[in-house]
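Notes for the one structure printed next.
Here the structure is a predicted model, which is why all the values come from computation and not from measurement.
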Amino acid sequence: MQEHKFYCPYCSVESSTWIETDKAKQQFIEDCIECNNPLEMIIDCTYNKIVEVMINPIAQ
């Protein structure tokens with residue numbers, strides 16, 4: 001597992017999430033710890049390394 005830091009697209013607060021790097025493609029929803037808005041996380045890993053992380057706001 002590897003920690004990945006990012007900024008919330010809603011409130012711009014820096015946050016982090018833990019990513020399982022042994023899974024190639026991942027997609028999940030996690031709430032911002034500051035504003036509680038939902039974030040879609042799309043993650044691509046190769047050889048136990050994070051290649052790309054996309055953090056998308058989810059319209060409510």
*Non-hydrogen side-chain atoms of Tyr7 and Ser15 separated by less than 4.5 Å*: no

*Please round to the nearest 0.5 Å and tell me the distance separating atom CD of Glu14 and atom CD of Glu34.*
12.0 Å

*So do Leu39 and Asn56 actually touch side chain to side chain, heavy atoms under 4.5 Å?*
no

_For residues Val13 and Phe6: do they belong to one hydrophobic cluster (side chain heavy atoms under 4.5 Å, members Ile, Leu, Val, Met, Phe, Trp, Tyr)?_
no

*Can Glu40 and Gln27 be counted as having a side-chain donor-acceptor contact under 3.5 angstrom?*
yes

*At their closest point, which heavy atom of Thr21 faces which heavy atom of Lys49, and how far apart are they?*
CB-N, 4.2 Å

_Distance alone, cut at 3.5 Å: any donor-acceptor contact between the side chains of Thr17 and Glu3?_
no

*Sub-4.5 Å side-chain heavy-atom contact between Ile42 and Phe28*: no

*How long is the span from the CG atom in Asp44 to the NZ atom in Lys23, to the nearest 0.5 Å?*
14.5 Å

*Dump the intermediate steps for side-chain contact (heavy atoms from CB on, under 4.5 Å) on Ile19 and Cys45, then the final yes or no.*
CA-CA 9 Å; Ile19 297 172; Cys45 297; 4.1 Å; yes

*Considering non-hydrogen atoms only, spot the tightest contact between Asn48 and Asp22 and give its length.*
OD1-CA, 3.2 Å

_If I take atom OH from residue Tyr10 and atom CD1 from residue Ile58, how far apart are they, to the nearest 0.5 angstrom?_
6.5 Å

_With Met41, the side-chain contact (heavy atoms from CB on, under 4.5 Å) member among His4, Met54, Glu30_ = Glu30

*Assess whether atom CD of Gln26 is packed by more than 12 heavy atoms of other residues, nucleotides or ligands within 6.0 Å.*
yes

_So which atom in Cys8 and which in Cys11 form the shortest heavy-atom distance, rounded to 0.1 Å?_
SG-N, 3.5 Å

